[in-house]
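Comments concern the structure below.
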Amino acid sequence: MHNKTLAELSRSLRNKEISSEELTRLLLDRCNKFNKSLNCFISLTEDKALSLAMEADVKIKANNAGPLTGIPIAHKDIFCTHGIRTTCGSKILDNFISPYDATVVKQLESAGMVMLGKTNMDEFAMGSSNETSFYGPVENPWDKERVPGGSSGGSAVAVAARLAPAATGTDTGGSIRQPASLCGITGLKPTYGRVSRYGMIAFASSLDQGGPMTRTAEDAAMILNAMAGFDERDSTSVDREVEDYIAALEQPIEGLKIGLPKEYFDERLNPDISQIVHDGISELEKLGATVTEISLPSSTLSIPVYYVVAPAECSSNLARFDGVRYGYRCEDPKDLNDLYCRSRGEGFGREVKRRVMIGTYVLSAGYYDAYYLKAQKIRRLIRDEFQQALKDVDVIIGPTTPGTAFRLNELMDDPISMYLSDIYTVSVNLAGLPAISVPAGLLNGLPVGMQIIGDYFAEARLLNVAHRFQQVTDWHQKKPTGYE
Amino acid sequence: MDWEVVIGLEIHAQLATRSKIFSGAATTYGAEANTQACAVDLGLPGVLPVLNEEVVRMAIMFGLAINAEIPPRSVFARKNYFYPDLPKGYQISQYELPIVSHGQIDITLEDGTTKTIGVTRAHLEEDAGKSVHEGFGNLTGIDLNRAGTPLIEIVSEPDLRSAKEAGAYMKKIHAIVTYLGICDGNMQEGSFRCDANVSIRPQGDSELGTRTELKNLNSFRFVEAAIRHEIERQTDELESGGKVVQETRLYDPVKDETRSMRSKEEANDYRYFPDPDLLPIEISPDFINEIKTSLPELPDARQKRIMKEYKLSEYDSSVITSSRDMADFYESTAKAACSVASLDVKSSKLTANWIMGEFSAALNRNSLDIKDSPVNDEMLGELIKRIDDNTISNKIAKEVFDAMWNGEGTADEIIEKKGLKQVTDSGAIEKLVDGVIADSTPQVEQYRNSPVEKQGKLIGYFVGQVMKKSRGKANPKQVNELLRKKLAKD
């Protein structure tokens, strides 16, 4: 049962082959069994899950169920959940019980979904390996010695190890797509503004976007149908009608114009991964798509731009964690300054401190123009190049990551190399575009993802292309061994 | 040496919205601590600000009232600093692109001339909470009720040249925001506050001297007093060979002095940057026009109208219109005081005198606002009507006013109850006059033996005696006339 996709479970529940309570118990048992080593959950919310499952069963029995009613889901611990500890992977929020639900949590709950627990993540979503979490690293189920990627590493692993059919993630520079790629699942980062950020603990407000992490594009479409939409509590969410993402899935992709950015396939890319992505594109060509080479020259600057903009915003966003109102407070502060310095000094981990310091620096008087303002200008350039390219092609395809999952601790002392693992994903956030990563192959037994980037609000198109791809390939059905 | 004083004011006016600038929490003053702070005001993880559009409308009203530019696009920025009553660790404000810029207002100087003062900019921002130091032992309490209250910060050009000018400017801005109804103007509750940047330079110099910033000037009186003291302090400093240090100084109204709070070296680098949680404010010309057509009458226009319509002097009309409440009260009282359909000059002037005199004095004595006065416009109007139609004298009217203030009833009720109706019956008055003349032989002698120019003074004695006998009720004019006639005869 746990090997079924979300779409299959939806049918099983409504055909009453299994009850939501049974399914929830089954998955909770798996979570309890495998989480000890995988460490993909920070908190399991068993009581909440069972009561939601029973509510769902009442609706299912009354034939009053929607497509998501009774289906378990795991939430990244960046989403605030009412009455439940919400840590954001940080010691500074280890004791924080949120008094409210994030909009995304509320939407999925009102669609009938059953929250299983809160997944592990890089501290404040700052990391690409899930190793910066206060709650320890997460194992990649494909190889226990390797990282699952990050920052939504816990969510990716929960789905890959079949502990949950779906999970929420957030993506600031690749945090949904990169772990999806490294764990062999499907991960969608929607257009900036498509999904509400209210209640999603901010890392870099102009880049953060929540999205679904599932096994298939169809499943992602089902979740996005419930997640997307305007939220009056989020001024940056866009008041625009939500399409039916399911309805668009089966459309033929004949005539689809695919652009391949030459900068994504240069010498920095592992040639085996390049081959896998090209093989994937060939499958789409067989379905009638055409391919042209395009150029996104400024995209090579995306990592430095990102590491100015994101830290600048985070240095301000994380100022509220000051030990005054909630969260960690140091013992016996001797004065106000001591309270601030030690609460933050003891509460934040190394990577968070590094980024807060970078951000504080680039916003400082005398440096603002040279760093922050310059970065914003290049950001506009990156966006303009994408928009120009997307006038000629429907989607842009390339690798999600330059390599497969790396070893635990391999890059922890080399932040620059760690940052470079997001080289193909960050420019999409800088431009605010939607993109999806789908499993496209295995390299030495490790999953490789292919990234499909679309125009603003072209989620339906992306899901359609991904779904057609998954109809003719079986990479998304491959699963790590040992989680039967 | 002669010094020129250069002053610029930063005024924070709290916008009179029902809810906060970025959340739905109420803005009511004086609620129990932290009961008017929602998740957004508390700066909980994950919350986001949503702009209250009412504040945009109010800021545009202010911009139009001071003939300012209202650019089509303005941007919120974060001002980053740590303080316990600043929940997010940054204040949402405006920096590079404020909602209002380049305005001006006219102030009237003591010599009656007007001077135009430039307003550099006015921007929207959220207020911080309050630190509470009493009642927590050696800890500090935080009350976040005020956090997120909408403010408009109005920054003047350094065009002010004296404490008096600063006071006049502040009063004018106060009048404008209260006339517009965008601020309640209550200074005790902190709805209208002011910081002053003060420097001096040798007369004739074009370069500005080093300035200090004075904080906490929450009354018109304090602003002038604090600036005067600061000018003296800076003058003493420079004339004794010292230097003015750029710093923030706090005015202490109890000791009537300013003292150093922090120097420039300790100043924060606020690391302003555009707030990514909020979209830029886009303002269309249509929206501005819509607001323009609905603007209420402003202080200058009202002063001119009242001067003309009620035939008041320039001085009286400017005092009457110095606050919207007083102007409203004046107009309704003057209408109530008028016994005929159209306004008459006498009762209009009488109304002005009463409001500026007796009525204002009573309010001040009791520290009351016009709105809370026990004597309302109708009541005061009736009293003035009775003076105007000679039912009572101005002197008796003061007694009636006090009784009204103490809640003893309306003017007519009090006059009736206390028997204060003026005696105008000439027979009755003549009887009193005759009695006084008969009882005052030496004074009569003296009067009759005095030159005419001295008689005017001496007659006061007889008037006083008659009024005393009538218990104040005799019509003084009639008494006067009759006495002159009778004393003249032999």
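Every chain is numbered from 1, with letters handed out A, B, ... down the list of sequences.
For A:Ala204, no part lies under 4.5 angstrom from a heavy atom of chain B. Neither the backbone nor the side chain of A:Ala102 comes within less than 4.5 Å of any heavy atom of chain B. Neither the backbone nor the side chain of A:Leu339 comes within contact range of chain B, judged by heavy atoms closer than 4.5 Å. For A:Leu373, no part lies near chain B; criterion is any non-hydrogen pair under 4.5 Å. The contact between A:Phe321 and chain B is made entirely by side chain atoms (from C-beta outward), counting heavy-atom distances below 4.5 Å. For B:Leu144, the part lying under 4.5 angstrom from a heavy atom of chain A is the side chain only.
Nearest heavy atoms, B:Leu15 versus B:Ile152: CD2-CG2, 3.9 Å. Across every non-hydrogen atom of A:Leu318 and A:Ala202, the tightest pair is CD1-O, 3.8 Å. Nearest heavy atoms, A:Phe230 versus A:Val238: CB-O, 3.5 Å. Nearest heavy atoms, A:Ala228 versus A:Val195: CA-CG2, 4.1 Å.
Most heavy-atom pairs under 4.5 Å with chain B: of the set A:Gly199, A:Gly323, A:Cys88, this distinction falls to A:Gly199.
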At a 3.5 Å cut-off, give me the donor-acceptor pairs between chain B and chain A, one pair per line with the distance.
from, atom 1, to, atom 2, distance (Å)
B:Leu42, O, A:Arg325, NH1, 2.5
B:Gly43, O, A:Tyr326, OH, 2.6
B:Leu44, O, A:Arg320, NH1, 2.8
B:Pro45, O, A:Tyr100, OH, 2.6
B:Gly46, O, A:Gly199, N, 2.7
B:Val47, N, A:Tyr100, OH, 3.3
B:Pro49, O, A:Ser235, OG, 3.0
B:Arg78, NH1, A:Ser316, OG, 2.9
B:Arg78, NH1, A:Asn317, OD1, 2.8
B:Arg78, NH2, A:Asn317, OD1, 3.1
B:Asn80, OD1, A:Ser316, OG, 2.8
B:Tyr83, N, A:Tyr340, OH, 3.3
B:Pro87, O, A:Arg325, NH1, 3.1
B:Pro87, O, A:Arg325, NH2, 2.6
B:Lys88, O, A:Arg320, N, 3.3
B:Tyr90, OH, A:Arg320, NH2, 3.2
B:Asp269, OD2, A:Ala365, N, 2.8
B:Asp277, OD1, A:Arg197, NH1, 3.3
B:Asp277, OD1, A:Arg197, NH2, 3.0
B:Asp277, OD1, A:Ser205, OG, 3.3

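Panel note: side chain B:Gln94, backbone B:Leu124; a donor-acceptor pair is recorded below 3.5 Å.
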I'd like a table of donor-acceptor pairs (distance under 3.5 Å, sequence neighbours excluded) in which one partner is a side-chain atom from residues 24-32 of chain B, with atom names and distances.
from, atom 1, to, atom 2, distance (Å)
B:Thr27, OG1, B:Thr17, O, 2.7
B:Thr27, OG1, B:Arg18, O, 3.0

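For B:Thr120 and B:Glu157, the side-chain atoms include at least one donor-acceptor pair closer than 3.5 Å.
Using a 4.5 Å cut-off on side-chain heavy atoms (C-beta onward), B:Leu97 and B:Pro71 make no contact.
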Item to complete: Start with the C-alpha distance between B:Glu213 and B:Arg211, add both sets of side-chain angles, then the distance that settles salt bridge (charged side-chain N to carboxylate O under 4.0 Å, His left out), and finish with yes or no.
Response: CA-CA 7 Å; B:Glu213 186 181 6; B:Arg211 68 186 158 85; 5.3 Å; no
